[in-house]
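In what follows, a single structure is set out as structure tokens and then discussed.
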Amino acid sequence: MALSAPNCLVCGSELVYASQAYPVTCVLCGKEEKGTTTCTQGHYVCNECHRSAGLDFMRKLCVRSRSRNAVEILIEAMRGKSVYPNGPEHHTLVGAAILTAYYNAGGKINGGTMTKGAALAELKERSLQVPGGTCGYWGCCGAATSAGQALSIITGSTPMKRKEWADCQRLTGTILTKLADLGGPRCCKRTGFTAALEATDFLNAHYNVRIEKPERVVCAFCGGNAQCLKQECPYFPGK
């Protein structure tokens with residue numbers, strides 16, 4: 001199955017989301033676990049198999065990137081053949097794009113003690129703990145979580161910090177509110193663009209850095225999402 005397939009990665013059938021987790025087996029690696037999403041033919045693909053190639057592509061892209069525009073980096077990553085229209089790889093892509101743009105714009109990560117490569121590695125470790133479907137099952141979109149993780153790494157936040165802790169909650173909360181106003185169903189492009197734009201504004205306003213952003217974001221991935229909001233989405237072409 002092509003990596004750009006919007007549905008089942010094995011057969012292309014429509015995905016079915018259950019309201020409760022049940023025993024499943026990944027058809028790619030054989031892992032047995034509990035999951036909520038299979039296709040109409042019963043195929044299940046675990047989070048690790050779904051995102052592994054995309055994360056490797058994203059790391060290489062961010063390491064070599066000199067862009068100061070988080071949305072630009074994110075769109076370049078989304079165009080990669082190893083990145084699916086929707087999926088948990090976006091929970092890493094968003095934060096990685098933010099970290100990269102911030103660093104390239106002259107921002108200091110953890111007081112200047114952390115390199116871009118080390119920050120990206122830390123983000124990967126944290127983001128891998130966020131499975132697919134958190135937007136619907138946890139009430140917390142992975143794009144917002146990824147942006148919060150990026151800011152946490154930038155500020156060196158821990159559960160015991162004061163301002164850093166507060167800033168991470170504020171950014172994540174702002175993104176979640178914006179996503180809620182836009183409404184569902186899930187679209188990892190819509191949520192990713194929104195998180196990157198909100199994080200850019202937040203960092204520029206509070207962290208003495210100038211991250212660039214496009215005057216307007218136009219989505220080029222609408223055809224890969226049968227649930228696209230079309231004219232109701234702020235990134236829909238021609239709107």
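What's counted below: heavy atoms across the whole structure, side chains too, no hydrogens, waters or symmetry copies.
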What is the distance from atom [atom1] of [X] to atom [atom2] of [Y], rounded to the nearest 0.5 Å?
| X | Y | atom1 | atom2 | value |
| --- | --- | --- | --- | --- |
| Q41 | S13 | CD | OG | 4.5 Å |
| Y44 | L15 | OH | CG | 12.0 Å |
| E33 | C46 | CD | SG | 6.0 Å |
| H90 | S146 | NE2 | OG | 11.0 Å |
| R210 | K213 | CZ | NZ | 9.5 Å |
| E164 | T158 | CD | OG1 | 8.0 Å |

For residues 93-111, run the donor-acceptor check on the side chains, cut-off 3.5 Å, and write out each pair with its distance to 0.1 Å, sequence neighbours left out.
unit_1 : atom_1 : unit_2 : atom_2 : d
T100   : OG1    : A96    : O      : 2.8
Y102   : OH     : K108   : N      : 3.4
Y102   : OH     : K108   : O      : 3.0
N104   : OD1    : K116   : NZ     : 3.4
N104   : ND2    : S65    : O      : 3.0
N104   : ND2    : S67    : O      : 2.8
N104   : ND2    : T100   : O      : 3.3

Among residues at least two apart in sequence or on other chains, which ones pass salt bridge (charged side-chain N to carboxylate O under 4.0 Å, His left out) with R66?
none

For K60, salt bridge (charged side-chain N to carboxylate O under 4.0 Å, His left out) partners two or more places apart
D56

Side-chain heavy-atom pair [X], [Y] within 4.5 angstrom cut-off:
| X | Y | value |
| --- | --- | --- |
| T37 | V16 | no |
| L203 | H206 | no |
| Y207 | T155 | yes |
| P214 | N69 | yes |
| F193 | L74 | yes |
| H50 | L9 | yes |
| K189 | N225 | no |
| H91 | T134 | yes |

Could you see if L176 belongs to whatever hydrophobic cluster contains L182? Use Ile, Leu, Val, Met, Phe, Trp, Tyr and a side-chain cutoff under 4.5 Å.
no

Cluster overlap W165 with I153, hydrophobic side-chain contacts below 4.5 Å
no

Going by side chain to side chain contact (heavy atoms under 4.5 Å, CB included), Y235 matches just one of C228, C222, C219. Which one?
C219

Only one of D181, L179, T174 passes side chain to side chain contact (heavy atoms under 4.5 Å, CB included) with T177; say which it is.
D181

Salt bridge (Lys or Arg N to Asp or Glu O under 4.0 Å) pairs, two or more places apart, involving residues 167-180:
K163-D167, D167-R170, K178-E198

Do you know the tightest heavy-atom contact between [X] and [Y]?
| X | Y | answer |
| --- | --- | --- |
| A119 | M114 | CA-SD, 3.5 Å |
| V71 | A196 | CG2-CB, 4.0 Å |
| A144 | I175 | CB-CG2, 3.7 Å |
| R216 | F236 | NH2-O, 3.1 Å |
| C62 | I73 | SG-CG2, 4.2 Å |
| P185 | L229 | CD-CD2, 4.0 Å |

T145 side-chain N/O to C141 backbone N/O, donor-acceptor pair under 3.5 Å
yes

Would you find a donor on one side and an acceptor on the other, under 3.5 Å apart, between the side chain of E72 and the backbone of R68?
no

Side chain to side chain contact (heavy atoms under 4.5 Å, CB included) assessment of K34 paired with V24:
CA-CA 6 Å; K34 283 192 172 183; V24 289; 5.7 Å; no

Report all side-chain donor-acceptor pairs from residues 124-131 shorter than 3.5 Å, counting only partners two or more places apart or in another chain.
unit_1 : atom_1 : unit_2 : atom_2 : d
R126   : NE     : E122   : OE2    : 2.8
R126   : NH1    : S152   : OG     : 3.1
R126   : NH2    : E122   : OE2    : 3.3
S127   : OG     : T92    : OG1    : 2.5
S127   : OG     : L123   : O      : 2.9
S127   : OG     : K124   : O      : 3.1

For side chain to side chain contact (heavy atoms under 4.5 Å, CB included), just list the numbers for C233 and C187, CA-CA rounded to whole Å, side-chain angles, deciding distance to a tenth of an Å, and then say yes or no.
CA-CA 10 Å; C233 176; C187 171; over 6 Å; no

Could you walk me through whether Q227 and R186 pass the side chain to side chain contact (heavy atoms under 4.5 Å, CB included) check?
CA-CA 8 Å; Q227 290 75 42; R186 66 95 177 91; 3.3 Å; yes

Full working for side chain to side chain donor-acceptor pair (under 3.5 Å) between S19 and Y137:
CA-CA 8 Å; S19 58; Y137 293 118; over 6 Å; no

Partners of H43 by ring pair (Phe, Tyr, Trp, His ring centres under 6.0 Å), sequence neighbours excluded?
none

Check this for me: does any side-chain nitrogen of one of K31 and E48 sit under 4.0 Å from a carboxylate oxygen of the other?
yes

Between T38 and Y22, a side-chain donor and acceptor under 3.5 Å:
yes

